[in-house]
Amino acid sequence: MERNELLGVKGVGPVTLEKLNYLGIYSRRGIVEKTPVDYIDLDAVSDLDEAEDGQFVVLVTEITSAGKPFRKGKLQMYRVTGATDDGKKVKLVWYNANYVASVVCAGARVRVYGKLRKEGRTFELINPAYEKADALGEGELRGIKPIYATRGVIPQKTFSAMVADVIAKGFDAHGLADGEKGLMSLGEAFVKAHFPSNLSEARGARERIELEKLLKDILAYRTVRRESRRAIYYEAHPAVIDKVTDALPYRLTQSQKAAVNDILDRMQSDKPLNAMLVGDVGSGKTVVAMIAAYYAAVSGHQAAVMAPTEILAVQHYRTFEKFLAPLGVKVVLLTGGCGAAEKRVARSAVSSGYADIVIGTHAVISKGVDFRSLSLVVIDEQHRFGVAQRTALVDKGGAVDTLTLSATPIPRSLRLTVFGDVDVMSIDRRYSADNVSTAVVTPAKRKGMTDYIVEECLKGKQAYVVAPKIFDAEGIEGFAAEKLYKELCSQYGDKVSIGLLHGRMKAQEKQKVLNGFAEGKVSVLVSTTVIEVGIDVPNASLMAIFDADRFGLSTLHQLRGRIGRDGSKAYCFLYTTRSGDDIVRLETLVKERDGLEIAEKDLEMRGAGEWLGEEQSGKGGASLSLALMRKAKDIADRTDVTPYKDELTAYALARGFVKISLN
């Protein structure tokens with residue numbers, strides 16, 4: 001029925017129908033719901049210095065030279081060269097369009113629109129739309145033009161014509177938020193999103209559409225999740241955890257105690273635990289997770305803890321083993337670095353139920369790792385894992401309890417907390433974050449920064465120098481750890497001891513370098529983000545992060561958490577060769593020290609990503625601000641879903657909401 005419905009759209013035949021299906025469009029409303037990913041103001045001439053390769057641009061150029069149309073293989077080609085008003089040379093090429101020569105010829109002044117190919121100072125447009133530049137400002141290449149993500153299978157102009165036809169003939173435009181005071185109807189929003197009179201109108205329309213999507217997701221999610229019930233029960237009395245807390249060399253802070261109590265309350269409720277424990281580096285999240293895992297173990301079940309790096313997994317294993325083994329809890333380690341025999345023994349212990357708690361890296365979600373009675377999943381530093389990886393571990397159990405730990409929640413997780421599906425528990429730092437000062441450093445101050453770090457190391461301090469990649473790769477700009485290491489050794493190697501650490505090194509090599517740094521034998525450790533989590537050297541008080549603009553705010557905050565861990569004064573330098581918005585984004589870390597605040601800023605800058613997809617950051621669409629999310633949640637709280645129950649249930653099942661939790 002829907003296929004026939006699409007065939008009724010002007011310009012849609014069997015071939016185009018298949019292309020629409022390829023784009024995930026199966027109905028008339030589906031065409032309208034595929035809103036523009038961007039817009040270009042055809043009244044505004046583009047600045048080629050600011051434009052990026054692949055960007056759609058509008059140019060006014062005077063044709064300085066034009067060849068004759070010629071054949072190249074089976075293609076007819078026409079090439080011309082023009083000059084913009086500010087003197088930039090632009091190449092224009094048309095294929096199989098010799099008729100262009102009658103308008104675009106030597107001496108003609110034309111207005112062109114198309115996708116830019118930019119290599120250095122070379123600018124080229126292939127098959128651009130064109131017209132004579134009208135001094136009166138009239139012509140077809142005017143106004144706001146929508147840009148659609150059609151993957152190149154349907155021309156922009158063709159798809160826009162389809163949208164216009166559907167809107168003209170009418171379509172199902174009802175919205176769940178229609179009638180809400182101060183909001184335009186969803187149908188009106190679709191029309192303005194596709195054919196806005198100005199960019200401000202487009203933004204308002206897209207925000208209304210995004211609000212509708214959020215609202216529908218929330219209501220559909222609640223509709224199916226409302227029926228979820230606990231499948232695993234814990235028989236041990238909560239007081240049993242006193243055995244663990246009594247064994248600790250320190251007392252839990254009040255916020256740690258509150259978090260433990262909240263987690264155990266949820267583990268004993270009739271609904272599965274789905275919680276995010278938020279606390280800055282050094283706040284003691286691991287201990288809280290260990291207590292929860294212990295409670296699962298003494299209740300006859302198993303717990304799995306997944307860490308992003310082998311270094312952190314080993315650190316967790318040693319901590320759990322130290323405090324829980326004396327209490328009779330069997331803890332096993334499973335990482336990629338374990339030998340084949342070790343892996344076989346660990347897998348056997350997990351599947352037989354001999355192992356109460358398994359701690360590891362991605363190896364925990366590999367094939368062949370089967371649990372006898374998995375009830376609790378703990379995912380540490382969850383921003384380091386993709387959605388599929390987190391889901392894979394959760395899927396190894398039934399309706400398991402899920403606890404994720406993070407200093408800076410990824411936008412997607414933060415979005416779930418706003419939706420009300422996730423319990424957020426916060427714990428305070430054991431020491432103030434005010435001891436770490438952060439500064440953005442530009443190329444002019446690079447030498448001064450490096451000299452200062454070396455001077456401080458000569459006084460007994462230690463420093464991290466972080467790069468975004470290991471090696472220099474042809475065609476990829478930026479700092480590499482190996483090259484930085486060689487440069488620093490050449491310039492300062494006679495003054496301080498310098499070490500190198502990255503993920504490609506063998507486990508023994510990495511451990512040797514880490515031991516040297518921990519023992520103070522290495523003063524400067526050059527590394528990739530492998531040191532982001534799991535490294536605890538109290539004497540380290542300096543950090544320089546090169547190409548800081550290439551990292552997300554969450555990663556930068558985690559890296560910064562490696563210094564000043566003993567409460568002494570520490571300095572973090574964010575080195576960048578960029579300017580403008582990149583500097584503004586980095587300045588967030590100069591002003592903010594709280595992980596949750598940084599995550600919210602990150603969300604507003606990057607978007608929240610797809611709720612159920614692999615993306616961790618948003619692309620296109622309206623900015624998913626917290627204000628928009630909270631507005632959607634507020635409307636959802638006041639909406640009676642009874643009339644839409646069947647529609648929402650079908651939507652939820654199609655989207656896979658039944659399986660989703662904060663993973």
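Heavy atoms only: backbone and side chains are in, while hydrogens, waters and symmetry mates are out. All values reported here derive from a predicted model rather than from experimental measurement.
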Before giving the answer on salt bridge (charged side-chain N to carboxylate O under 4.0 Å, His left out), spell out for D581 and R585 the whole-Å C-alpha distance, their side-chain angles and the decisive distance to 0.1 Å.
CA-CA 6 Å; D581 290 342; R585 189 173 69 89; over 6 Å; no
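- Salt-bridge annotation for E207 and K192: absent, with no side-chain N of the basic residue lying under 4.0 Å from a carboxylate O of the acidic one.
- Taking the side chain as every heavy atom from C-beta outward, L75 and N96 approach each other to under 4.5 Å.
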One pair to check against side chain to side chain contact (heavy atoms under 4.5 Å, CB included): L20 and F159. What are the steps and the verdict?
CA-CA 10 Å; L20 288 171; F159 190 82; 4.1 Å; yes
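- Partners of E647 according to the salt bridge (charged side-chain N to carboxylate O under 4.0 Å, His left out) rule, which considers only residues two or more places apart in sequence or in another chain, are K216.
- In this structure, the separation between CD1 on I545 and CG on L589 is 8.0 Å, given to the nearest 0.5 Å.
- Proximity of a side-chain donor or acceptor of E201 to a complementary backbone N or O of S197 within less than 3.5 Å is detected.
- Relative ring orientation between H174 and Y644 is described as parallel, the plane-to-plane angle staying below 30° on a 0-90° scale split at 30° and 60°.
- Contact detail for C105 and Y78: the closest heavy-atom pair is CA-OH, 4.0 Å.
- Counting only distance, with no hydrogens or angles, the side chain of S102 and the backbone of Y99 share a donor-acceptor pair below 3.5 Å.
- Distance OG1/T588 to NZ/K591: 6.5 Å, rounded to 0.5 Å.
- Applying the side-chain contact (heavy atoms from CB on, under 4.5 Å) test between P468 and each of T528, T555, D547 identifies D547 as the sole match.
- Looking at N198, L199, I147 one by one, the single match for side-chain contact (heavy atoms from CB on, under 4.5 Å) with Y39 turns out to be L199.
- Counting only heavy atoms from C-beta outward, the side chains of S27 and E5 approach each other to under 4.5 Å.
- The two residues R446 and E487 make their nearest non-hydrogen contact at NH2-OE1, 3.1 Å.
- If you take NZ on K631 and CG on L628, they are separated by 7.5 Å, rounding to the nearest 0.5 Å.
- Closest heavy-atom contact between A467 and A481: CB-N, 3.5 Å.
- The side-chain heavy atoms of L176 and L219, taken from C-beta on, include a pair separated by under 4.5 Å.
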Audit row: N127, V93, side chain to side chain contact (heavy atoms under 4.5 Å, CB included) steps and yes/no
CA-CA 6 Å; N127 286 333; V93 181; over 6 Å; no
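- Of the possible polar contacts, none joining the R550 side chain to the K469 backbone as a donor-acceptor pair under 3.5 Å is found.
- Classification of the Y113-F56 ring pair by plane angle, with boundaries at 30° and 60°, yields parallel.
- Annotation: side chain of V440 is not in contact with side chain of F573 (no heavy-atom distance under 4.5 Å).
- Comment: D637 engages K633 in a salt bridge, judged by a side-chain N to carboxylate O separation of less than 4.0 angstrom.
- Around atom CG of D53, more than 12 heavy atoms belonging to other residues, nucleotides or ligands sit under 6.0 Å away.
- Atom CG of D49 sits in a crowded spot, with more than 12 heavy atoms from other residues, nucleotides or ligands closer than 6.0 Å.
- The pair D85-R109 meets the salt-bridge criterion, since a charged nitrogen lies less than 4.0 angstrom from a carboxylate oxygen.
- Not a single donor-acceptor pair under 3.5 Å links the side chain of T158 to the backbone N or O of I154.
- Minimum interatomic distance between V9 and R28 (heavy atoms only, all atoms of both residues): CG2-NH1, 3.8 Å.
- For the pair V103 and E131, the minimum side-chain heavy-atom distance is 4.5 Å or more.
- Residue-environment remark: NZ (K88) exceeds the threshold of 12 foreign heavy atoms within 6.0 Å.
- Side-chain atoms of T576 come within 3.5 Å of backbone atoms of R578 as a donor-acceptor pair (strictly under, hydrogens ignored).
- Rounding to the nearest 0.5 angstrom, the gap separating the CD1 atom in I144 from the CG atom in D43 is 6.5 Å.
- Other residues, nucleotides and ligands place no more than 12 heavy atoms under 6.0 Å from the CZ atom of R79.
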May I have the step-by-step check of side chain to side chain contact (heavy atoms under 4.5 Å, CB included) for L116 and E124, ending in yes or no?
CA-CA 6 Å; L116 176 68; E124 184 179 52; over 6 Å; no
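- Dense packing is recorded around NZ of K118, with more than 12 heavy atoms of other residues, nucleotides or ligands lying under 6.0 Å away.
- Cation-pi check for R117 over F123 is not met; the charged atom does not lie both under 6.0 angstrom from the ring centroid and within 45 degrees of its normal.
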Pair Y148, H194 - check ring-ring contact (aromatic ring centres under 6.0 Å, His included), show working.
CA-CA 10 Å; Y148 297 97; H194 288 288; 5.7 Å; yes
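- Under the 3.5 Å distance criterion, with hydrogens and angles disregarded, a donor-acceptor pair is assigned to the side chains of Y651 and D217.
- Side-chain contact check for N21 versus Y26: some heavy-atom pair is nearer than 4.5 Å.
- Counting only distance, with no hydrogens or angles, the side chain of T84 and the backbone of T61 share no donor-acceptor pair below 3.5 Å.
- Counting heavy atoms from C-beta outward, V58 and D41 have side chains that stay 4.5 Å or more apart.
- Listed for the K34 side chain is a donor-acceptor partner under 3.5 Å among the backbone atoms of A149.
- Shortest non-hydrogen contact noted between A548 and L574 is CB-CB, 3.8 Å.
- Ion pairing between R208 and D178 holds under the 4.0 Å rule for side-chain N and carboxylate O.
- Side chain of W94 to main chain of M77: no donor-acceptor pair is present (N/O by atom type, distance under 3.5 Å, no hydrogens or angles).
- For the atom pair L559 CG and C572 SG, the distance stands at 7.5 Å (nearest 0.5 Å).
- A salt bridge links R638 and E180; the closest N-O separation between the charged side-chain nitrogens and carboxylate oxygens is under 4.0 Å.
- The main-chain N or O of V153 is never found under 3.5 Å from a side-chain atom of T150 such that the two would form a donor-acceptor pair.
- Rounding to the nearest 0.5 angstrom, the gap separating the CG atom in L553 from the CD atom in E592 is 10.5 Å.
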Given D549 and I583, is the side chain to side chain contact (heavy atoms under 4.5 Å, CB included) satisfied, shown in steps?
CA-CA 8 Å; D549 52 274; I583 295 289; over 6 Å; no
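- Between R206 and A193, the closest heavy-atom pair is CG-CB, 4.4 Å.
- Counting non-hydrogen atoms of neighbouring residues, nucleotides and ligands closer than 6.0 angstrom, the NZ atom of K445 reaches no more than 12 such neighbours.
- Looking at heavy atoms from C-beta onward, Y95 lies out of side-chain contact with Q76 at the 4.5 angstrom threshold.
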